Amino acid sequence: MQVQQGGAGVKHSYVFKGKKCICAKGTGGQTVLNLWETEELTEFHDAELAQATKEINAIFERVQKNNRDPNRTASLIEFKNRHLMVWASYGHVTPFDDDETIIKAFKLKAKK
């Protein structure tokens with residue numbers, strides 16, 4: 001299985017199954033790990049926040065680089081407006097996926 005993450009505008013939900021955190025298309029609650037960086041400093045994102053963002057992203061990148069399990073990726077999940085960093089697996093099918101993905105996953109016959 002190849003680890004997949006959502007692109008821009010794709011919401012993911014998380015589920016705990018056994019000892020694993022699974023993230024898949026859904027209504028929200030899971031965030032792609034890296035923080036946004038800005039092209040220029042602003043009043044709301046000054047030099048101190050820009051530097052902190054770079055440092056946090058460098059930590060995230062180091063953690064992911066040291067990951068020895070290709071079936072998981074570091075992610076953030078949200079609970080009660082706070083984030084938790086988790087190892088999550090992706091690529092699971094949900095009702096939020098497109099019809100073609102669901103048809104293929106369940107091996108459905110085409111309508112006649």
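From a predicted model like this one, the values you see are computed outputs, not experimental measurements.
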**Message:** As an exercise, state the distance from NZ of Lys65 to CD of Glu61, rounded to the nearest 0.5 Å.
**Reply:** 10.0 Å
**Asked** From His45 NE2 over to Glu39 CD, what is the distance, rounded to the nearest 0.5 angstrom?
**Response** 11.5 Å
**Residues, nucleotides or ligands: over 12 heavy atoms within 6.0 Å of Phe16 CZ** = yes
**Asked** Within a radius of less than 6.0 Å around CD of Glu100, do more than 12 heavy atoms belonging to other residues, nucleotides or ligands occur?
**Response** no
**Asked** Hey, which of Glu55, Glu48, Lys54 is the one that makes side chain to side chain donor-acceptor pair (under 3.5 Å) with Gln51?
**Response** Glu55
**Message:** Distance check, rounded to the nearest 0.5 Å: Ile56 atom CD1 versus Thr53 atom OG1?
**Reply:** 6.0 Å
**Request:** Kindly give the heavy-atom pair with the smallest separation between Ile102 and Asp97, and that separation in Å.
**Result:** CD1-O, 3.5 Å
**Request:** Count the heavy atoms belonging to other residues, nucleotides or ligands that lie under 6.0 Å from CG of Asp99, then report whether that count exceeds 12.
**Result:** no
**Fill in**
dist Tyr14:OH -> Cys21:SG (nearest 0.5 Å) comes out at 8.0 Å
**Asked** Can you pull the ring-ring contact (aromatic ring centres under 6.0 Å, His included) pairs that have at least one residue in residues 21-42, sequence neighbours excluded?
**Response** none
**Message:** Holding to side-chain contact (heavy atoms from CB on, under 4.5 Å), I want the full list of residues that pass it with Val15, two or more places apart in sequence or in another chain.
**Reply:** none
**Prompt:** Of the non-hydrogen atoms in Thr101 and Val93, which two are nearest, and what is the gap between them?
**Reply:** CG2-CG2, 4.0 Å
**Prompt:** What heavy-atom pair brings Lys17 and Ile22 nearest, and what distance separates the two atoms?
**Reply:** CB-CD1, 3.7 Å
**Prompt:** Do Thr94 side-chain atoms and Ala24 backbone N/O form a donor-acceptor pair below 3.5 Å?
**Reply:** no
**Asked** When you measure from the side chain of Asn67 to the backbone N and O of Arg72, does any donor-acceptor pair fall under 3.5 Å?
**Response** yes
**Prompt:** Do the side-chain N and O atoms of Ser75 and Tyr90 include a donor-acceptor pair separated by under 3.5 angstrom?
**Reply:** yes
Listing, residues 77-88 side-chain donor-acceptor contacts under 3.5 Å, not counting sequence neighbours, or none:
none

**Asked** What do the steps show when you test Gln30 against Ser13 for side chain to side chain donor-acceptor pair (under 3.5 Å), and what is the final call?
**Response** CA-CA 5 Å; Gln30 181 271 343; Ser13 296; over 6 Å; no
**Prompt:** Atom NZ in Lys104, atom CG in Asp98: separation rounded to 0.5 Å?
**Reply:** 10.5 Å
